[in-house]
Participant: 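Structure provided below as structure tokens; questions to follow.
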Amino acid sequence: GAVVSQHPSRVICKSGTSVKIECRSLDFQATTMFWYRQFPKKSLMLMATSNEGSKATYEQGVEKDKFLINHASLTLSTLTVTSAHPEDSSFYICSARGTSGPLAYNEQFFGPGTRLTVL
Amino acid sequence: AQKITQTQPGMFVQEKEAVTLDCTYDTSDPSYGLFWYKQPSSGEMIFLIYQGSYDQQNATEGRYSLNFQKARKSANLVISASQLGDSAMYFCAIGSGGYNKLIFGAGTRLAVHP
């Protein structure tokens with residue numbers, strides 16, 4: 001099946017710094033990628049939809065200037081948490097939408113997630 | 001607006017037994033898809049099974065089957081012959097409108113006992 005990678009898998013940073021998380025589709029092209037946030041023992045909450053070559057679409061309540069998304073190529077989307085604070089500590093998961101196969105346009109392939117801890 | 005409800009925060013099952021995880025949904029879209037994902041403690045989201053709203057037959061994938069009752073707006077996941085490795089969080093999700101968004105339920109934590 002399709003593989004999505006995320007880097008880094010874990011990151012610890014000081015309050016006030018910016019952190020960039022990469023999401024790559026390894027063996028397929030993804031015009032659309034999604035960024036989710038998951039708090040401990042909670043469900044995934046969609047933060048934004050990342051479209052290659054255009055601006056991301058953010059969900060209501062998600063700060064665009066806080067969570068910068070860049071989808072510069074068909075295989076890479078990045079999420080930058082700017083001026084991170086302890087409340088930004090969370091598990092961030094990306095996914096890429098498939099474009100072929102029996103579940104074309106239906107299935108989302110998820111990355112392994114990035115655990116961010118802001119001290 | 002779409003909504004997914006998973007009313008079972010936790011479930012226990014004996015190894016080799018079958019278990020049903022409940023999921024109900026609400027949507028005004030005539031075309032939609034229902035998904036089940038497994039999330040082990042490592043955090044990765046593993047796709048299990050998909051059911052389209054127009055599919056006539058219930059979806060099956062190995063030991064997983066989806067009991068789709070459209071009139072009741074339910075899409076329960078049935079895991080047959082449970083294994084210890086099935087212990088994980090299970091999320092039901094709905095997608096529509098070109099599947100640009102997946103809305104997830106709160107999840108059910110399944111524990112398989114030997």
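Just so you know, these numbers use all the heavy atoms, side chains as well, and skip hydrogens, waters and symmetry mates. Chain naming here is simple, since letters A, B, ... match the order of the sequence lines and numbering starts at 1 in each.
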Participant: Please classify the contact between I93(A) and chain B as side chain, backbone, both or neither, with a heavy-atom cut-off of under 4.5 Å.
Facilitator: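 The answer is the side chain of I93(A).
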Participant: Show the numbers, then the answer: is there a side chain to side chain donor-acceptor pair (under 3.5 Å) between Q38(A) and Q39(B)?
Facilitator: CA-CA 12 Å; Q38(A) 185 179 29; Q39(B) 187 180 42; 2.9 Å; yes
Participant: To the nearest 0.5 Å, what is the distance between OH on Y90(B) and CD1 on I46(B)?
Facilitator: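 Rounded to the nearest 0.5 Å, the OH-CD1 separation comes to 8.5 Å.
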Participant: Using non-hydrogen atoms only, which part of Q6(B) is less than 4.5 Å away from chain A: side chain, backbone, both, or neither?
Facilitator: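 Neither; nothing under 4.5 Å.
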Participant: Measure distances from E59(A) to the heavy atoms of chain B and classify the residue's part below 4.5 Å as side chain, backbone, both or neither.
Facilitator: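 E59(A) touches chain B through side-chain heavy atoms alone.
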Participant: So how far is it from T20(B) OG1 to N76(B) CG, rounded to the nearest 0.5 Å?
Facilitator: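 Those atoms lie 6.5 Å apart.
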Participant: When you measure from the side chain of T78(A) to the backbone of I21(A), do you find a donor-acceptor pair of N or O atoms at a distance under 3.5 Å?
Facilitator: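 Between the backbone of I21(A) and the side chain of T78(A) there is no qualifying donor-acceptor contact (under 3.5 Å).
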